[in-house]
Amino acid sequence: MSAAVLSIRAVSKRYGERWILRDANLEIGAGERVALLGESGAGKSTLLNLIAGLEAPDTGTILAAGCTIGAADPDDAATFRRERLGFVFQAFHLLPHLDLIQNVAVPLLLIGCPAEEARARSQAMLERLGLGERGASLPRELSGGEQQRVALARALVHRPALVLADEPTGNLDPGTADRALRLMAEQVRETGAALLMATHSEHAAAIADTRYRIVDGSIVPA
Ligand SMILES: Nc1ncnc2c1ncn2[C@@H]1O[C@H](COP(=O)(O)OP(=O)(O)O)[C@@H](O)[C@H]1O
Ligand SMILES: [Mg+2]
């Protein structure tokens, strides 16, 4: 049994009077790939935002890669976010005025990697994703599928322990989505990261080892 990269213990979260998560529990082991299913509005993005420290739980504990998220010491969450976490968004969120190498290099520069090394590692990551010739391009010059590959490169380049992906193929056509999913599964496996992917698609969930569903605020096996 590998050590847990993520432990969610009795976490509850509400917006106003409405409880989105109620006593939710989830454990993810090192290198495990988990799909989180659930209808639109079920609370998938809310859970990912809690793990990323972008929101705070009302009750419960989140332990991620050895850090307590949402605890009294906000430095802990910030360090975790910078060093141990990669995030792939549905809408890619590339920085429009930076070229592809500069986009991928952002997480490395944030953890203090020297500029030359950051460039070289970003170029190598783009090559692994079939975009080695495109380093000087701007995001808007790429197709949706290519932009998602850059987003994946950026999420993995600093070798995070945990990658969160929120509907990562929601903006891609089915064929492109398929390729992006295969590539994500392969690259996550190669870097040894654990993956937590929120999706409403059974098809996307097929790349995972383990599947859960959010039902009435609880996380249940699916
Ligand atoms: N900042 C917020 N304030 C109030 N309600 C929110 C906020 N964020 C999300 N919600 C509500 O919480 C519920 C869960 O949202 P979300 O986590 O985005 O669901 P999913 O990602 O599964 O589609 C939705 O009903 C949504 O409208
Ligand atoms: Mg969502």
Side-chain angles (χ1 to χ4, degrees), residues 2-8 26-36 44-45 47-55 62-71 74-95 98 100-115 117-129 131 147-169 180-199 204 207-210:
S2 49
V5 161
L6 179 70
S7 298
I8 291 173
L26 176 67
E27 191 116 329
I28 299 183
E32 188 181 357
R33 284 169 293 163
V34 174
L36 182 66
K44 303 181 296 296
S45 296
L47 182 69
L48 264 50
N49 290 339
L50 289 171
I51 298 165
L54 302 172
E55 303 252 17
I62 300 175
L63 295 164
C67 301
T68 307
I69 308 303
D75 283 352
D76 220 19
T79 304
F80 161 73
R81 203 155 54 226
R82 253 194 330 268
E83 297 181 2
R84 315 302 312 277
L85 185 72
F87 210 126
V88 183
F89 300 92
Q90 173 172 353
F92 320 140
H93 291 310
L94 300 175
L95 297 162
L98 300 184
L100 302 194
I101 288 197
Q102 290 168 328
N103 263 281
V104 176
V106 165
L108 292 172
L109 297 174
L110 285 176
I111 59 173
C113 179
E117 184 190 333
R119 250 194 111 67
R121 285 173 65 180
S122 301
Q123 173 63 29
M125 198 68 223
L126 284 171
E127 274 163 21
R128 284 168 63 167
L129 292 168
L131 292 167
Q147 289 188 42
Q148 192 54 305
R149 271 143 67 193
V150 178
L152 179 58
R154 181 182 57 185
L156 291 172
V157 72
H158 55 309
R159 301 190 79 83
L162 177 65
V163 173
L164 304 175
D166 195 358
E167 308 273 3
T169 56
L181 284 167
R182 274 203 307 273
L183 211 50
M184 183 162 79
E186 174 194 309
Q187 292 300 316
V188 162
R189 191 181 318 115
E190 233 164 82
T191 57
L195 172 70
L196 176 58
M197 174 179 61
T199 180
I207 67 156
D209 311 308
T210 321

Legend entry - Audit row: V104, V150, side-chain contact (heavy atoms from CB on, under 4.5 Å) steps and yes/no: CA-CA 7 Å; V104 176; V150 178; 3.9 Å; yes
Provide the closest heavy-atom pair for [X] versus [Y] in the form atom of the first, atom of the second, distance.
| X | Y | result |
| --- | --- | --- |
| A118 | L109 | CB-CD2, 3.7 Å |
| L195 | A165 | CD1-CB, 4.2 Å |
| A153 | L126 | CB-CD2, 4.4 Å |
| L110 | R82 | O-CD, 3.5 Å |
| A155 | P160 | O-CG, 3.2 Å |
| R33 | A185 | NH1-CB, 3.5 Å |

For the side chain of [X] and the backbone of [Y], is there at least one donor-acceptor N/O pair under 3.5 Å apart?
| X | Y | answer |
| --- | --- | --- |
| N103 | L98 | yes |
| H93 | V88 | no |
| Q148 | P168 | yes |
| R121 | V157 | yes |

Would you say that [X] contacts [Y] through its side chain, given a criterion of any heavy-atom pair below 4.5 Å between the two side chains?
| X | Y | value |
| --- | --- | --- |
| V163 | M184 | no |
| V5 | E32 | no |
| L156 | L129 | no |

Inset, instruction - Classify the angle between the aromatic ring planes of F87 and F89 as parallel (below 30°), tilted (30 to 60°) or perpendicular (above 60°). - result: parallel
Nearest-0.5 Å distance, [atom1] of residue [X] to [atom2] of residue [Y]:
| X | Y | atom1 | atom2 | result |
| --- | --- | --- | --- | --- |
| T191 | H158 | OG1 | NE2 | 10.0 Å |
| E27 | L63 | CD | CG | 9.0 Å |
| I62 | I51 | CD1 | CD1 | 6.0 Å |
| S7 | I69 | OG | CD1 | 11.5 Å |
| L54 | R81 | CG | CZ | 5.5 Å |
| L181 | I207 | CG | CD1 | 5.0 Å |

Inset, instruction - Decide if atom CZ of R119 counts as having more than 12 heavy atoms of other residues, nucleotides or ligands within a radius under 6.0 Å. - result: no
Legend entry - Residue pair E117, L108: steps toward the side-chain contact (heavy atoms from CB on, under 4.5 Å) verdict: CA-CA 9 Å; E117 184 190 333; L108 292 172; over 6 Å; no
